[in-house]
Each structure stands twice: as structure tokens, then as C-alpha cells.
Amino acid sequence: MIKNVSIFTRTCLLFLCGSLFFSFVSCSRSKTVASVKGNELFTINYGSFEDELNLFNLSSTGSINTHMTMLDGFFFIANGESKKIMELNSYGDLLSLFYNEEITKKPSFASENSLNSTKKAIAYPFNTLGPLTVDSKKTLYAVDTLPAERQEFDTENKVLLNYIVLRFNGEGRFIDYLGQQGPGGTPFPFIKSVHATKNDELVVVCEQNEGPVVFWFNSRGYLLYKIPFNDGSVPKLKEQSETENVYFVCLEKVIPDNETHKLYVLVNYFQNYLDPATKVQSGIDYEKTMLYPLDAETGFYEEGLDIPPFEDSISENLSKEVFPVPFDFLGVTDSGWFFFMLPVDKGCLVQMVHPDGQKILKRVLNINHSEMLYYSMCLSGNGIISGLFIKNNNAQITWWRTDSLVSGFMN
């Protein structure tokens with residue numbers, strides 16, 4: 001493995017792994033990995049009607065703000081551009097619509113008794129919708145922002161507090177909103193993701209200047225744990241304690257366990273690269289990726305799991321340069337399998353790691369990158385990967401039954 005790569009090249013690699021868009025380098029693949037065929041379930045048209053997505057508002061700036069999650073074959077899409085949430089079945093039929101009356105016209109099926117019908121329409125004054133999740137009772141948790149006059153500022157951490165989590169029950173009725181302490185609490189800083197566990201508990205992952213901070217709520221919405229993170233709080237590599245090497249830490253993602261009060265913390269480690277001839281720093285070497293379980297109750301880390309990177313190569317002028325590329329952390333299944341993902345030429349490479357680290361499965365999800373403008377992907381508790389893919393003419397919902405791959409390896 002050749003590790004002498006310039007700062008520019010390594011910066012490009014980091015951008016490649018973290019980008020929400022499918023970007024990639026032109027390179028040769030050293031190993032062939034079996035692919036998994038996706039099931040294209042349905043498409044969604046673009047427009048302003050209740051069953052359409054509005055993604056391309058030319059009067060506004062910024063990135064696409066649309067998110068998707070799947071539970072038991074039902075898809076929930078938060079379309080921030082049109083300030084609405086749609087619930088659809090696996091055939092693409094609209095079952096529920098949560099909409100802002102100032103943006104979306106009242107749907108034809110809306111009535112005073114719509115909450116008791118098979119198709120529901122719920123009006124709510126959404127502001128800026130973000131990620132969403134659904135628990136086993138079909139309680140819907142949707143990230144939104146407060147209007148400017150209700151926002152607060154955290155002078156200690158120097159961050160704006162303007163995010164809340166809205167709660168709607170299984171019938172579509174608005175319950176309340178959650179803040180840092182629970183119902184009606186102090187607004188959150190920027191919310192990166194929300195997760196519902198099998199115990200119907202909510203985990204909110206926020207970002208602050210120092211690093212992520214996690215708020216874990218019980219099924220009634222009351223705070224159980226608040227866990228802040230920073231690069232200095234994560235475990236050091238064993239190699240660092242045995243040598244004088246200094247490692248740079250990049251805390252990439254925090255995702256909760258589905259059944260226990262445990263968090264999984266993905267950390268990438270890097271080192272300075274010194275040119276052997278000039279002894280001058282000329283780049284950054286990726287060292288390794290570790291996944292650390294953290295007990296939310298005690299705050300102690302368990303033994304970390306070494307996550308193998310993807311080994312990529314570039315051929316130029318009859319020479320071949322090999323370098324490791326870390327995976328992104330997609331999620332964890334109910335049975336404890338860890339799913340990691342990385343864009344490749346033929347689609348997305350999925351690496352599935354057993355909890356003991358001894359079994360690793362790799363498959364390619366066939367995706368035509370040239371058709372994609374944006375995507376949102378999620379992992380269900382039973383191991384199904386679902387994706388919302390934004391194309392030029394419409395949006396496509398596809399899933400991959402990767403659950404059948406890991407079901408044969410029970411703990």
C-alpha cells in the first residue's frame with residue numbers, strides 16, 4: 001500500500017466520502033464484488049400537488065432539503081421545499097399528508113373526518129423541515145425550526161438554538177414538540193439525525209462547534225441522557241500509547257443501538273505525512289477507522305471494532321498508487337449487523353460487518369450515477385436498504401433486500 005499522497009488528493013478523498021452527491025474518481029477496481037439487484041417500487045412526479053415533490057424552487061438558494069425513512073414497508077418523505085410530509089405505501093399510494101396550508105392547497109380528500117378515514121390530511125404550519133423518523137406505534141417525529149422570534153442563543157457553546165422535534169401520533173394528530181429537556185424544552189442546536197429505537201425511544205443527534213451532542217428520550221418524551229462528544233473524548237489508538245506518533249481524530253458519526261442504551265461512534269484517524277527527502281509535511285495519511293460502542297448510562301467506551309477501509313487505486317504513467325478510503329456509517333440492524341457504504345463506479349459498495357468483527361459481507365448496489373441529482377438512503381431494523389433518488393424527470397423509490405444476506409448469520 002502506498003501512502004504518499006498529497007494534501008490536495010487526500011482532501012478530495014475526504015470530500016468524496018462525506019458528500020451527499022455521488023462523486024467519484026476514475027480508477028481501477030482490484031476486486032470484483034457481487035451485486036444486489038434493487039427493486040424499483042414506484043416513482044413520484046415533481047409539482048405542487050399533494051402527491052408530488054417540489055424540489056427545484058428557483059427563487060431560493062441552498063441544497064435540496066428532502067429526507068426519507070422507511071418502516072414496515074411504509075415510506076415517509078419530508079419535503080422541506082414544499083413544507084409537507086407524505087406517507088406512502090410500497091405501491092406509491094399516498095396514505096397521509098402533513099401540509100402547510102400556506103404552501104400546499106388543501107387536498108380533495110381532506111375533511112373534518114379525515115383523521116378517521118383511510119387517507120389522512122393534517123394541516124400544520126411547518127417552517128423548515130429536516131430529518132424524520134417513525135416508531136413502532138407510528139408516532140412520527142419530524143425535525144423543524146422555530147420562527148426567528150422564538151429562537152435562542154447558547155452563549156456558552158456559541159450556537160444558535162432553533163431546532164425542535166415535532167410529534168404526531170399514529171392517527172396523525174399533533175402531540176407537542178420536544179426540546180432539549182423534553183416536551184416544550186429549550187430548542188436544539190443543528191439536528192443532524194433522529195432515530196426511533198425498538199423501545200419507542202427517541203435519539204436526537206445534534207452538532208455543536210465542539211462536536212456532536214446526543215439527547216436520548218424515553219417513550220414519553222422525557223430526557224434520559226445528554227451525551228456531548230468532542231475529538232479529545234474518543235479513545236486513543238493503542239499504537240499511539242506505544243509510540244510517539246500523533247494521530248488526528250475525526251469523529252464522523254454517532255448512531256444509537258436499536259434495543260439497548262448504547263451508542264456507536266465512528267472515528268477516523270489520520271497522521272501527518274513527512275516527505276522522506278525534504279522532511280517537510282506534504283500530506284495527511286489516513287490510518288484507520290474504528291467503531292466504538294458507548295454505554296449511554298455509564299459513559300464508558302467498550303472495546304472498539306476495526307472497520308476495514310476500501311482499498312482504491314489510481315493508475316498513471318505505468319505506475320499504480322493504492323490508497324485506503326474510509327466508509328460512511330449507514331446504520332445498525334436489530335440483530336447487530338453494522339452497515340457501511342461508499343460510492344463506487346457501478347453504484348454503492350455496502351460493507352456489512354458482524355458484531356464480532358469476524359464476518360464481513362460486501363455487495364454492490366447497482367445505481368446509475370449519471371441519472372442521479374440527489375439521494376436520501378436509510379437502513380431499516382431488519383436490514384433493508386431503501387433509497388429516494390432524485391432524477392431529472394421524477395423521483396424513484398428503490399429498496400434492496402439486504403436483509404436476506406445477514407439473516408443467515410444469526411448471533
Side-chain angles (χ1 to χ4, degrees), residues 69-72 131-137 139 141 143 165 178 182 188 191-207 211-229 233-235 251-268 289-307 326-341 350-361 377-386 402-403 405-407 409-411:
T69 190
M70 188 275 287
L71 177 69
D72 299 333
L132 74 168
T133 190
V134 182
D135 67 17
S136 65
K137 299 176 182 177
T139 303
Y141 298 91
V143 173
V165 178
L178 299 181
F188 298 100
I191 296 179
K192 188 173 183 179
S193 61
V194 287
H195 310 266
T197 72
K198 290 191 69 174
N199 298 319
D200 297 328
E201 297 178 341
L202 178 71
V203 181
V204 181
V205 182
C206 300
E207 285 289 341
V213 55
V214 173
F215 298 85
W216 197 311
F217 301 91
N218 66 15
S219 58
R220 295 182 297 168
Y222 294 101
L223 184 65
L224 294 175
Y225 314 107
K226 177 183 177 181
I227 307 170
F229 293 86
S233 66
V234 299
L251 201 163
E252 295 290 346
K253 188 171 287 188
V254 181
I255 291 180
D257 187 74
N258 291 338
E259 297 186 339
T260 65
H261 288 177
K262 186 180 295 185
L263 296 168
Y264 298 106
V265 185
L266 186 74
V267 182
N268 289 331
T289 298
M290 297 293 295
L291 185 68
Y292 295 105
L294 173 72
D295 188 314
E297 184 173 353
T298 65
F300 290 118
Y301 285 97
E302 299 176 9
E303 187 71 21
L305 190 63
D306 193 338
I307 305 301
F327 283 87
D328 185 30
F329 187 19
L330 182 61
V332 58
T333 68
D334 295 342
S335 58
W337 279 82
F338 304 110
F339 277 56
F340 302 88
M341 186 173 290
V350 177
Q351 179 170 261
M352 295 157 275
V353 181
H354 191 268
D356 62 12
Q358 300 301 312
K359 306 181 188 71
I360 298 178
L361 304 177
M377 300 186 76
C378 66
L379 175 71
S380 68
N382 58 356
I384 299 175
I385 296 176
S386 302
T402 44
D403 55 330
L405 297 175
V406 300
S407 60
F409 296 90
M410 302 303 293
N411 293 327

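Basis for what follows: all heavy atoms, side chains included, without hydrogens, waters or symmetry-related copies. Everything quoted here is computed from the prediction, not taken from an experiment.
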Exercise for the section: Tell me whether the centres of the aromatic rings in Tyr264 and Phe329 are closer together than 6.0 Å. Expected result: no
Problem - Thr69 side-chain N/O to Thr133 backbone N/O, donor-acceptor pair under 3.5 Å - result: no
Handout entry: Check: Asp295 side chain, Glu302 main-chain N or O, donor-acceptor pair, under 3.5 Å
Key = no
Are the side chains of [Y] and [X] in contact, using a 4.5 Å heavy-atom criterion?
{"X": "His354", "Y": "Trp337", "result": "yes"}
{"X": "Tyr301", "Y": "Val265", "result": "yes"}
{"X": "Val165", "Y": "Leu202", "result": "yes"}
{"X": "Met290", "Y": "Asp306", "result": "yes"}
{"X": "Tyr292", "Y": "Val267", "result": "yes"}
{"X": "Asp328", "Y": "Glu252", "result": "no"}
{"X": "Tyr141", "Y": "Val204", "result": "no"}
{"X": "Ile385", "Y": "Met341", "result": "yes"}

Problem - Steps toward side-chain contact (heavy atoms from CB on, under 4.5 Å) verdict (Tyr225, Val214) - result: CA-CA 8 Å; Tyr225 314 107; Val214 173; over 6 Å; no
Shortest non-hydrogen contact between [X] and [Y], atoms and distance:
{"X": "Pro293", "Y": "Glu303", "answer": "CD-O, 3.4 Å"}
{"X": "Leu405", "Y": "Leu361", "answer": "O-CD1, 3.7 Å"}
{"X": "Asp257", "Y": "Trp216", "answer": "O-CH2, 4.3 Å"}
{"X": "Leu379", "Y": "Gly331", "answer": "CD2-C, 3.5 Å"}
{"X": "Pro326", "Y": "Thr289", "answer": "CB-OG1, 3.6 Å"}
{"X": "Leu330", "Y": "Ile255", "answer": "O-CD1, 3.8 Å"}

Problem - Steps toward side-chain contact (heavy atoms from CB on, under 4.5 Å) verdict (Leu263, Ile227) - result: CA-CA 10 Å; Leu263 296 168; Ile227 307 170; 3.6 Å; yes
Look up atom [atom1] in [X] and atom [atom2] in [Y], then write down how far apart they are to the nearest 0.5 Å.
{"X": "Phe340", "Y": "Lys253", "atom1": "CZ", "atom2": "NZ", "answer": "10.0 Å"}
{"X": "Asn382", "Y": "Leu71", "atom1": "CG", "atom2": "CG", "answer": "9.0 Å"}
{"X": "Thr402", "Y": "Ile384", "atom1": "OG1", "atom2": "CD1", "answer": "7.0 Å"}
{"X": "Asp403", "Y": "Asp334", "atom1": "CG", "atom2": "CG", "answer": "11.0 Å"}
{"X": "Phe215", "Y": "Leu224", "atom1": "CZ", "atom2": "CG", "answer": "13.0 Å"}
{"X": "Leu251", "Y": "Glu207", "atom1": "CG", "atom2": "CD", "answer": "8.5 Å"}

Exercise for the section: Inspect the surroundings of CD in Glu297 and state if more than 12 heavy atoms from other residues, nucleotides or ligands are less than 6.0 Å away. Expected result: no
Handout entry: Flag for Asn199-Thr197: side-chain donor and acceptor within less than 3.5 Å
Key = no
Problem - side-chain contact (heavy atoms from CB on, under 4.5 Å), paired with Phe338, selected from Leu266, Ile360, Val332, Thr333 - result: Val332
